[in-house]
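The first residue of the sequence shown is numbered 1, and numbering continues consecutively from there.
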Amino acid sequence: MVALAALGRSIRTRRGLLVLVPAVVAVLIGALVVPLAVTGQCRLFGSGCGIPRIRFVPPPTRLTGLQAALRGGYVALGDSYSSGEGTWDLTADRGYAGGGAQDCHRSQGSYFATVLRGFRFALGGTLWACSGARIDDVLHGGRYGEPAQIDRLRPDTSLVTLTIGGNDIGFSEIVTRCVVRLPWSSACRDQDAGIRARMAAVPAGLASVFDQIGRRAPNARIVVLGYPRPFPVRPGRSVDNIGVADQVYLNGVVRALDDVIADAARRADGELAAAGRPGTVEFADGYAAFDGHELGTAQPYLNPLKIDFGALAAEPRSFHPNQLGYGAFAQLIDRQIQSGPARPVYQYRR
């Protein structure tokens, strides 16, 4: 009887242990799950508070500037300095670069065509710049019935080049007033107040352009070019009725505009870097790209003034790069593509 009683106590003790162990486990699980459920931290581990699911996210891959530029498609946007106005020919360029409005004067002689031939872009390239384009045409379209230029971009666009801002300050009209004047007139430099007022509105527009390009092509390197100096640093004679003093003045207008564009590009790139976003905004200074080959030199890289006497107006190609000029621009872009931006470029994996 004593042995049976002892056996009974042993069984009860063991049963108690069998009951107690699961209870302890349940309490421990509850201590973990309840606070997580209350605080909403279960979402960190997937759905509910079941088995934790940890997702491994690969770190971003650092790319060279060249790799970043070539991994997708190349798109050229902007105005006549990018469309190829200075070499456009109605017969030779009909239907070139996607066709569309012939008024945009997209030419095979543009710097775009040379850059495209010089590199192997994974997805090729397209030219959508349009002669006469302003910032508003890049953002919203409408010129010659064209859509917004930024709508031509895709998430896999890896390089965007553009020239923009010259038409926003009215450079063609500025030059015209410097040409069509009396020899002793100060009409050229009398435009200064109006020029400065229009130039003051350019930074905000450029900020929108860089932002919208970055949103549509978030991984792209954006290379914006400055405009070339049209006349020698020290002009020696009058050119197309533009005197020496006015040539120096017009050089200064171009330098001021290029500085505005450069500053806007630096600001936009700084914002991308601060936000940790991929892509870059880079300024390629074209001011001295035609050094020694300005208007008035033996071999200019710009077309001289040509008058359409039927319309009593300057032909569109006047004061635009010729084939040699676009070649110099292409070299400038080539160097920028290969040298890369001043900061690292990353490919973000998802």
Gap between atom [atom2] of [Y] and atom [atom1] of [X] - 0.5 Å precision:
X: Y249; Y: I174; atom1: OH; atom2: CD1; answer: 7.0 Å
X: R216; Y: T157; atom1: CZ; atom2: OG1; answer: 11.5 Å
X: L139; Y: Q212; atom1: CG; atom2: CD; answer: 6.5 Å
X: F171; Y: D79; atom1: CZ; atom2: CG; answer: 11.5 Å
X: R71; Y: L123; atom1: CZ; atom2: CG; answer: 11.0 Å
X: Q108; Y: L116; atom1: CD; atom2: CG; answer: 12.0 Å

Could you give me the CA-CA distance, side-chain angles and deciding distance for L332 and Y111, then say whether side chain to side chain contact (heavy atoms under 4.5 Å, CB included) is met? CA-CA 10 Å; L332 179 67; Y111 71 73; over 6 Å; no
[Y]/[X] salt bridge by N-O under 4.0 Å criterion:
X: D285; Y: R255; answer: yes
X: D136; Y: R143; answer: no
X: R229; Y: D291; answer: yes

Partner of F112 under ring-ring contact (aromatic ring centres under 6.0 Å, His included), picked from W128, Y74, Y81, is Y74
Is there a donor-acceptor contact under 3.5 Å from the side chain of [X] to the main chain of [Y]?
X: Y227; Y: L257; answer: no
X: N303; Y: R317; answer: yes
X: N241; Y: V179; answer: yes
X: D269; Y: R266; answer: no
X: D240; Y: L305; answer: yes
X: T64; Y: Q67; answer: yes
X: D93; Y: D89; answer: yes
X: D168; Y: I135; answer: yes

Which pair of heavy atoms, one from [X] and one from [Y], lies closest together, and at what distance?
X: Q149; Y: L77; result: OE1-CB, 3.3 Å
X: Q323; Y: G109; result: NE2-O, 3.2 Å
X: A284; Y: V223; result: CB-CG1, 4.1 Å
X: S82; Y: T163; result: OG-OG1, 2.8 Å
X: L295; Y: P232; result: O-CD, 3.4 Å
X: Q191; Y: C178; result: NE2-SG, 3.7 Å

### Task
Verify whether the ring centers belonging to Y301 and Y326 lie closer than 6.0 Å.
no
Any side-chain heavy atom of [X] sitting closer than 4.5 Å to one from [Y]?
X: P218; Y: R277; answer: no
X: E294; Y: L302; answer: no
X: L272; Y: F210; answer: no
X: F290; Y: T297; answer: no
X: V115; Y: F329; answer: no
X: L63; Y: R221; answer: no
X: C130; Y: D137; answer: no
X: L324; Y: H293; answer: no

Assigning hydrophobic clusters by single linkage (Ile, Leu, Val, Met, Phe, Trp, Tyr; side-chain heavy-atom cutoff under 4.5 Å), is [X] placed with [Y]?
X: F319; Y: V244; result: no
X: F121; Y: L162; result: yes
X: L250; Y: V248; result: no

For W88, the other hydrophobic cluster members (4.5 Å side-chain criterion, sorted by chain and number) are L90
By side chain to side chain donor-acceptor pair (under 3.5 Å), Q247 pairs with (sequence neighbours left out) none
- Query: Is there a donor-acceptor contact under 3.5 Å linking the side chains of S107 and T87?
  - Reply: yes
Worked check of side chain to side chain contact (heavy atoms under 4.5 Å, CB included) between R152 and T126:
CA-CA 9 Å; R152 307 291 194 176; T126 50; 5.9 Å; no
Could you tell me whether R267 atom CZ has more than 12 heavy atoms of other residues or ligands within 6.0 Å of it?
no
Paired with E85, the side chain to side chain donor-acceptor pair (under 3.5 Å) test is passed by just one of S80, S110, S131, namely S131
- Query: So D263 and F283, side chain to side chain contact (heavy atoms under 4.5 Å, CB included) or not? Walk me through it.
  - Reply: CA-CA 9 Å; D263 185 63; F283 176 72; over 6 Å; no
